[in-house]
Amino acid sequence: MTVFSGSFLPIWFFPPKWEAVAQALPFQYIGYIPAAIYMGRIPAENIVSTIGIGFIWIVILLSIVWLLWWKAVNRLIVQGG
């Protein structure tokens with residue numbers, strides 16, 4: 001997570017294949033995207049769409065968490081007093 005978030009090494013230093021992998025994962029929104037916006041590496045006209053994609057990742061990951069939580073709660077059997 002540290003490597004693909006861009007916190008350890010900025011994503012623009014990665015080789016092209018690893019850069020494509022890092023940009024396909026949501027980890028870049030932890031460190032790389034905020035730093036890139038602050039440093040001006042992302043053009044002003046792309047900031048809203050970049051943040052929008054981040055919100056889409058949030059919705060997708062929250063949906064997965066809710067689904068797994070719902071399945072776990074339905075399987076849970078508590079016995080005893």
Side-chain angles (χ1 to χ4, degrees):
M1 188 170 96
T2 302
V3 173
F4 287 120
S5 71
S7 298
F8 180 69
L9 183 68
I11 294 178
W12 61 77
F13 286 135
F14 287 9
K17 289 182 181 180
W18 285 108
E19 183 178 358
V21 170
Q23 289 181 352
L25 297 172
F27 302 127
Q28 65 181 338
Y29 291 93
I30 296 171
Y32 171 73
I33 295 295
I37 290 172
Y38 179 74
M39 293 177 9
R41 298 284 291 189
I42 296 177
E45 59 270 3
N46 293 348
I47 291 175
V48 173
S49 63
T50 302
I51 293 173
I53 293 170
F55 280 118
I56 291 170
W57 271 113
I58 290 171
V59 169
I60 290 169
L61 294 173
L62 276 176
S63 299
I64 292 170
V65 167
W66 283 336
L67 176 69
L68 292 174
W69 181 259
W70 180 75
K71 284 187 172 194
V73 167
N74 285 336
R75 275 194 164 177
L76 179 66
I77 298 173
V78 178
Q79 296 179 353

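Note that the structure is a prediction, hence the values are computed from the model and not measured. Atom set for the values below is all heavy atoms of this structure, side chains included, hydrogens, waters and symmetry mates excluded.
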With a 3.5 Å cut-off and sequence neighbours excluded, list the donor-acceptor pairs that the side chains of residues 48-77 form with protein atoms.
residue, atom, partner, partner atom, Å
Ser49, OG, Asn46, O, 3.0
Thr50, OG1, Asn46, O, 2.7
Ser63, OG, Val59, O, 2.8
Asn74, ND2, Trp70, O, 3.4

Which pair of non-hydrogen atoms, one from Ile11 and one from Gly6, has the smallest distance, and what is that distance?
CG1-CA, 4.1 Å
Roughly how far apart are Leu9 CG and Thr2 OG1, rounded to 0.5 Å?
12.0 Å
Can you name the residues that form a side-chain contact (heavy atoms from CB on, under 4.5 Å) with Pro10, not counting sequence neighbours?
Trp12, Phe13
side-chain hydrogen bond (donor to acceptor under 3.5 Å, both in side chains) pairs touching residues 14-39, sequence neighbours excluded, are Glu19-Gln23
Output for pair (Ile42 CD1, Ile37 CD1), nearest 0.5 Å, gives 4.5 Å
Shortest non-hydrogen pair, Gly31 vs Ser7, comes out as CA-OG, 4.0 Å
Does Phe14 have any ring pair (Phe, Tyr, Trp, His ring centres under 6.0 Å) partners at least two apart in sequence or in another chain, and if so, which?
none
